[in-house]
Amino acid sequence: MNTALLPLPRSVEERDGAFRLAPDAAIGFEGPASAREIAELLAECLRPATGFALPVREGAGAITLAQSAPDPAPDEAGFLPEDYALDVAPGGVRLEAGTSWGLARGVQTLRQLFPAEIYAAEAKPGLAWEAPAVRIEDAPECRWRGLMLDSSRHFWRADDVCRFVELLAQHRMNVFHWHLTDDQGWRIEIRKYPRLTEVGSVRAETMVGNHMNDWPHRFDGTPYGGFYTQDDVRRVVAFAARRRVVVVPEIDMPGHMSAAITAYPELGGGEWAHPAVRTTWGISQHVLNMEESTLAFCEDVWTEVMELFPSRFLHIGGDEAPRHEWEESKRAQELMAERGLRKPEQLQAWFTKRLDEFFRSRGRRLLGWDEILEGGIDPSAAVACWRIGWKGWDYVNDTVRAGHDVVLAPTSHTYFDYYQDEPISEEPLAIGGMLPLSKVYSFSPRLTAVPPEAAARVLGAQGQLWTEYIPTRDHLDYMAYPRASALAEVLWTPPERRRYADFLDRLGAHRARFAVQGVNARPRP
Ligand code: ACM
């Protein structure tokens, strides 16, 4: 019987017998409307493969979802408790939780108890839909368990983005960080500034080969574009919300903005800067100028983004913004003098602080890559620490001691755009680096060198799918899985309960779920 649960729950007590889902089974719910919503989600998950009608009704069913009280207000980071208890017995299944988030996680565990074919998109007649009798009590180790997808360097259709969200939800992850804009393409419709997508979503061509190693650069000669309408975005956000996955949008600024500056040159460095939507990878020297009018543009963009994304956190990027244009520009020197700033880097701190105030005045919180710490930022801003490999863990310790919430995103353990095995000549072209599955699994999101109240400011972690070198969905699957499965377990399961060998055992059965869904996971560990 299949109990290859991944991530491994906190406690699993196996019992005798099995539950068999019958063709005339109903799914019951007890409690508030959100319990009905998750019951509907479960029915929708089980119907395609079983071909059963699985009506959802109030009261007991063959499978009953019970929520003890309406969802409370989210915590200051936007999260709800996610603990749940799942009883599978020959006579029926009962899933209990205090919140709809807990029910949503329990639904994913229950799906894993059925044969892998339960994930099929079409009916699989003749199979016995049995789940082993078991009692599971479960709760996550970390609040923030996420994946980031870069839709700028390569564009992913809204359907594929929903599939990406579905797969992370199956791993009981709860954050989808959506990187929507960058030098190589602006991918979200903003009604007030149509040129962002008319001009900024298309690059003339794309470089071929690795931008560090292959010189001179060669290009494919093919225009590349694509963007999400606001309706597309609403569809993805709603799809995620049903699964109790938060979508955190990232609009990267003031660097990584060549596409926007190409569309609206007045945002950029003035007379001598003539960017184009970038056709090569790597860091652009072009950044936003620090005029009030440019800040107003950014606030307008965020105003529309906020209408689309209800997430507590909004990600402003903030990484890799070279100061070169500000150092060279007379106008930037004037702005520094007006604002009493001594160094060009203080212009970015000025900009980030203003956005932070703007977000807070609207009940949101700012999140940025760890560069936002340079020059100072209010402790209510959260920091995605990605440069731990070269800055060291003390840097993270200092950040939580200063009162910031932290999302761990170190290149060393969470950059799934890195190679995953030697020899790299047998792997598809990647950006560089080396991050094998075993190393992802060895990651610890617990800080030990700071007092517990500071350590608790680590919200969790997320894996990054930067897509410069990932042009297709199969390739994206290959880079994401099974490394994201390992990260999901690191963030869900307490370290005392985790063993890599045991994870690999369960991964064997988990791969059958991938196969049924056509997920092109890397076949070797
Ligand atoms: C980053 O990798 N530039 C956050």
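Read the numbers this way: they start at 1 and go in the same order the structure lists the ligands and their atoms.
- Remark: Gln230 pairs with Glu189, Arg191, Arg234, Glu304, Leu308 by the side-chain contact (heavy atoms from CB on, under 4.5 Å) rule, at least two apart or across chains.
- For Phe155 and Tyr228, the ring centers sit closer than 6.0 Å to each other.
- Under 3.5 Å, the side chains of Asp378 and Ser380 contain a donor-acceptor pair of N or O atoms.
- His315 is linked by a ring-ring contact (aromatic ring centres under 6.0 Å, His included) to His177, Trp369, counting only residues two or more places apart in sequence or in another chain.
- By the 6.0 Å contact criterion, CZ on Arg360 is enclosed, its count of non-hydrogen atoms from other residues, nucleotides or ligands being greater than 12.
- The 4.0 Å heavy-atom shell around ligand 1 contains residues Asp319, Glu320, Trp369, Trp386, Tyr415, Trp466, ordered by chain and number.
- Pairs of residues two or more places apart, or lying in two chains, that qualify as salt bridge (Lys or Arg N to Asp or Glu O under 4.0 Å) and include a residue from residues 311-324 are Arg323-Glu374.
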